[in-house]
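Just so we're on the same page: letters track the sequence lines, and every chain starts at 1.
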Number of protein chains: 2
Amino acid sequence: MDARERLITSTQALLWERGYVGTSPKAIQQRAGVGQGSMYHHFAGKSDLALAAIQRCAEQIRAFAEDRLSGSGGAYERIESFLLNERDVLRGCQLGRLTQDPEIVANPDLHRPVDETFDWLRRRLATVLAEGQASGEFAPQLDPEDVAATIAGVMQGGYVLAKAAGSDEPYFCAIRGILGMLALQTIQARRALS
Amino acid sequence: MDARERLITSTQALLWERGYVGTSPKAIQQRAGVGQGSMYHHFAGKSDLALAAIQRCAEQIRAFAEDRLSGSGGAYERIESFLLNERDVLRGCQLGRLTQDPEIVANPDLHRPVDETFDWLRRRLATVLAEGQASGEFAPQLDPEDVAATIAGVMQGGYVLAKAAGSDEPYFCAIRGILGMLALQTIQARRALS
DNA sequence: GTCTATAATACGATAGAC
DNA sequence: GTCTATCGTATTATAGAC
């Protein structure tokens, strides 16, 4: 892996752990095993390097979500797979983390990929929910757009609760809660209840 | 308001906007209109002042939540009141914000009030949900602990989505989603469906 | 491409006058 | 209690040698 690539992956890791404000060029260089001259040769500065790292995060997150949400199985199963196959609960979401950073919010170039990725995720989840409705899996009362935001929200909020507790238990607790409610929206469950 | 009090409220505001890492003693002093000597007279340093500010945040959040959740009305109504009467969606949660800060997580004194407050909130929400179940308002299938984590999660995640979008729309979208699903858990709704 | 040297500014805290 | 002066370190870059 060349210096440019190592700089990007090191920046990704540090942004994830410490955010934009908490990440210094020096720390990036040390983690990448690269000198100052090299960094400023490949990138114009901290924000330029951060942009490359954020775009890389966005690509990876989309690829993971798309893999789970376009897999085989029903709409409920695919959403379940997306929410439960989370390996880094205590590290949280690479992009959700940046949302809290005032310097990211203030910089349109850095903010845009974050905004676009969450927008894409909400639309993608809404599509899956609408598919489930069309196939008769989910009740017609369910609003795909609202519930998509709820699912994306529970996931992001689950990370917050997990970090607060220092344990991934609250994340999976919150996910069990939403999945249980979603399961009760399925036609089968409603039929069993009546 | 004396200098000590102004220092605490200024620190609260800056922690909310910029987090612990992004908040400097100098910025606190300027916002409070207080000199360096005054700050170091009243507080041992940045972390000591942050502790006072975080404890104040925790008190205020508990007071707000308790006010909504112990009000009159049914369990659903009280939860709805808690989730919808949020005035500062784009500013997010004062404590949820700190969850992302590595220096908060690493410092047990600063981390404890954050942990305890979210723990309290989840238990308080679970109590309200269990009350609703006992009174026959909610279906017995609903797991109060799981759904409590879901509700706290949607709220925290809603802030994340709102900041990403630069609008409070995703927050209220996510809240509508969870409230809609919760409403369908009520006995009346299930009776109407069957 | 990568290195070292250097710079201007900010951070977090201490000292001591008043 | 509050002020100004000062300190040692870190930040974010630039310059120029190699």
Nearest-Å distance, [atom1] ([X]) to [atom2] ([N])?
X	N	atom1	atom2	result
B:E103	C:dG12	CD	P	8 Å
B:M39	D:dT4	CE	C1'	16 Å
B:L49	C:dC11	CG	C1'	15 Å
B:Q30	C:dC11	CD	C1'	13 Å
B:F43	C:dT14	CZ	P	16 Å
B:K26	D:dA10	NZ	C1'	15 Å
B:H41	C:dG16	NE2	C1'	15 Å
A:E5	C:dG1	CD	P	15 Å

### Query
Are B:R176 and B:E80 ion-paired here, with the side-chain N under 4.0 Å from a carboxylate O?
no
### Task
With DNA chain D as reference, determine whether A:G22 or A:G37 sits nearer its 5' end, using the nearest nucleotide of each.
A:G22
Measuring from the side chain of [X] (C-beta onward, heavy atoms only), which nucleotide among [options] has the closest atom?
X	options	answer
A:A3	D:dT14, C:dT2, C:dG12	C:dT2
A:Q36	D:dT11, D:dA13, C:dA13	D:dA13
A:H42	C:dA13, C:dT4, C:dG1	C:dG1
A:Y40	C:dT2, D:dT12, D:dT2	D:dT12

### Message
Within the 4.5 Å heavy-atom criterion, are A:L7 and A:V34 side-chain neighbours or not?
### Response
yes
### Query
Under a single-linkage definition using a 4.5 Å side-chain heavy-atom cutoff for Ile, Leu, Val, Met, Phe, Trp and Tyr, are A:Y76 and B:M181 assigned to the same hydrophobic cluster?
yes
### Query
Of all of residues 7-14 of chain A, which get a heavy atom below 4.0 angstrom from DNA chain C, listed by number?
none
### Query
Distance check: side-chain N/O of B:S38 vs OP1/OP2 of D:dG1, anything under 4.0 Å?
no
### Message
Over 60° means perpendicular and under 30° means parallel, so tell me whether A:Y159 and A:Y171 are parallel, tilted or perpendicular.
### Response
parallel
### Task
Let me see the working for A:E66 and A:R124 under salt bridge (charged side-chain N to carboxylate O under 4.0 Å, His left out), right down to the final yes or no.
CA-CA 8 Å; A:E66 186 57 37; A:R124 190 71 190 82; 2.9 Å; yes
### Task
Please confirm whether the backbone N or O of B:Y20 pairs with a side-chain atom of B:D101, one donor and one acceptor, at under 3.5 Å?
yes
### Query
Are the side chain of B:H42 and the backbone of B:A3 linked by a donor-acceptor contact shorter than 3.5 Å?
no
